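Encoded as structure tokens, the structure appears first; notes follow it.
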Protein chains: 2
Amino acid sequence: MAVPAGVASQRVADELRERILAGRLAPGTRIIQDELADELNTSRLPVREALRILESRGLVTLRANQGARVTSMDVRECELSYKIRERLEPLLLAESAPRLSDEDIDAMTAVQERIEATEDVEEFLVLDRRLHWAVYQHDDAGDLAATVNRLWDTTQHYRRAFTRLAGERRRWIINGEHRLLIQALRDRDHTSAEHILELHIRRTRVELVKHPELFVP
Amino acid sequence: MAVPAGVASQRVADELRERILAGRLAPGTRIIQDELADELNTSRLPVREALRILESRGLVTLRANQGARVTSMDVRECELSYKIRERLEPLLLAESAPRLSDEDIDAMTAVQERIEATEDVEEFLVLDRRLHWAVYQHDDAGDLAATVNRLWDTTQHYRRAFTRLAGERRRWIINGEHRLLIQALRDRDHTSAEHILELHIRRTRVELVKHPELFVP
DNA sequence: GTGAGGCCGATTGGATCCAATAGAGGCGAG
DNA sequence: CTCGCCTCTATTGGATCCAATCGGCCTCAC
């Protein structure tokens, strides 16, 4: 079976990213080039390029002659990621919101209803991310979106751990904020939407740093 | 002569980045892997890895089977980069400023004096960047700094073009803002420093977008 | 028994070779 | 003369091979 198409290194990078984001590769895990190459039916060369790509995205950490490991963060770095998100995501919203259609906003509501219905952590993570990106979907200059995406990627593992120990109360606070955000967008009140979004991220950050035990494996 | 040390792909990436930032490779220029490999006395493999690295940094653009080109921006993308800087650099300042020593601030003043003394565009670009990074030097979580650095990198070419056509009046406005910023830092008035920095970047952005002709090569 | 030093396997880094693709230029038909 | 096809070459993408380096383990001296 020949490799179908597309640049192999991109394919490897996508696969590896997926494994990390899905939690199948924990922070600190060593990545051996040969193993990955064998599993993905390719040579080590695309794997090496993929590792460089993911290093630049912050998902893996390379050290000369010592191989690659899944990047791990401490609580300080994670907090800073959230502070960056607080400043950038409202900007992303401002770029995208004027072009949101009523149908787009209906779709957000539908996603939010599924968020409220699910009990599964993995499903929550997927849907929460989908909701945010539904808000940003009409941003046209991809650079900002790429930066923010990177922040979501590098903090995904800790967001999962945090979600696991979040109780029902916290979940409903999140849902309330999401509902407020969607309503502000529906009202075309973009300034309020920006503020709600900023507060939503800040509040999550403040809760997160109350659990430094998530960062000491 | 053997290659001294350090990972070759990093060395190639650094060299290529330097050439782009120095303006020796204009946006849109095609980069041929063989040529670069010959010039740097290495094989194409480190060059390929270097191109991946720089692609992730936004400095080069890769298209499958069509090689690499120095990334070019339109006025819209450049404006967005400045908007991002407006939000992130004050944050970077807030992280770093509390740890600035009096000597650090004296050094900034010295750099600013050199900025005011020079007539040379290249020297201005170097010193202006050095001044800003003197402000941010005590940031410890490198992720934010890396993001901002990337923004400086990708807009460097257009900053150069803009500086070339800036008259004496604009230069003195910039100098005034720099002086205000340094004074606020000296007074340990970090909130004002953040605001001055944000306004400094915003004003530059507003001026920049008045010259869309810089983006049509 | 313990610590230092050296050897060996595992793994990464780099070079060369071969295959696949895109773009340019020439050739022929209309 | 022009348009379209086709070959041919320059360049990129991928695989394999060889060299360099790191870390663990064993040995030996004290």
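Order of the sequence lines sets the chain letters (A, B, ...), proteins ahead of strands, with each chain counted from 1. If you're wondering where the values come from, they're calculated on a predicted model, not measured in any experiment.
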Give the rounded distance in Å between these two atoms: CG of B:L62 and P of C:dA22. 16 Å

For B:R44 and C:dC18, give me the distance from atom CZ to atom C1', rounded to whole Å. 11 Å

Whether A:R202 and A:E198 form a salt bridge (side-chain N of Lys/Arg under 4.0 Å from carboxylate O of Asp/Glu) is what I want to check. yes

Figure out the CG/P separation between A:L45 and D:dC18, and round it to whole Å. 17 Å

Roughly how many Å is it from CZ in A:R63 to P in D:dA20, rounded to a whole number? 22 Å

Ignoring the backbone of B:N65, work out which of C:dT12, D:dG13, D:dT11 is nearest its side chain. D:dG13

Please report the interatomic distance CG(B:D74) to SG(B:C78), rounded to the nearest 0.5 Å. 9.0 Å

Table of protein N/O atoms under 3.5 Å from nucleotides 6-10 of chain D N/O atoms:
none

Write down the distance between CD (A:E49) and C1' (C:dG13), rounded to a whole number of angstrom. 14 Å

Check this for me: A:R63, atom CZ, are more than 12 non-hydrogen atoms of other residues, nucleotides or ligands nearer than 6.0 Å? no

N or O in side chain of B:Q33 less than 4.0 angstrom from D:dG13 OP1/OP2: yes

In terms of side-chain heavy atoms of A:R48, which of D:dT12, D:dG14, C:dG13 is nearest? C:dG13

For A:L51, which contact category applies under a 4.0 Å heavy-atom criterion: base, sugar-phosphate, or nothing? nothing

Could you state the CG-P distance from B:L40 to C:dA15, rounded to the nearest angstrom? 11 Å

Checking contacts here: which listed nucleotide (D:dG14, C:dG14, D:dA15) is nearest the side-chain heavy atoms of A:T42? D:dA15

Distance check needed: C:dG14 C1' versus B:D34 CG, whole Å only. 15 Å

Shortest side-chain distance from A:A8, nucleotide among D:dG14, C:dA15, D:dT12: D:dG14

So that I can tick it off, tell me whether B:K83 and B:E86 are bridged by a salt bridge, with the cut-off set at under 4.0 angstrom between side-chain N and carboxylate O. no

Using 4.0 Å as the upper bound for N to carboxylate O, is an ion pair formed by B:R76 and A:E95? yes

Out of C:dG13, D:dG14, C:dA15, whichever nucleotide has its closest atom nearest the side chain of A:S43: D:dG14

Nearest to side-chain heavy atoms of B:I32, which nucleotide of C:dT12, D:dG14, D:dT12: D:dT12

Apply the side chain to side chain contact (heavy atoms under 4.5 Å, CB included) test between B:L21 and each candidate in B:H157, B:R160, B:R129; give the one that qualifies. B:R129

Could you check whether A:R171 pairs with A:E119 (Lys NZ or Arg NE/NH1/NH2 to Asp/Glu carboxylate O, under 4.0 Å)? yes

Provide, to the nearest angstrom, the distance between the CG atom belonging to A:D38 and the C1' atom belonging to D:dA15. 13 Å

Return the nearest nucleotide to the side chain of A:Q66; candidates are D:dG13, D:dG23, C:dA15. D:dG23

Can B:D104 and B:R99 be counted as an ion pair, charged N to O under 4.0 angstrom? no

D:dC22, D:dG13, C:dT11: which one has an atom nearest the side-chain heavy atoms of A:R30? C:dT11

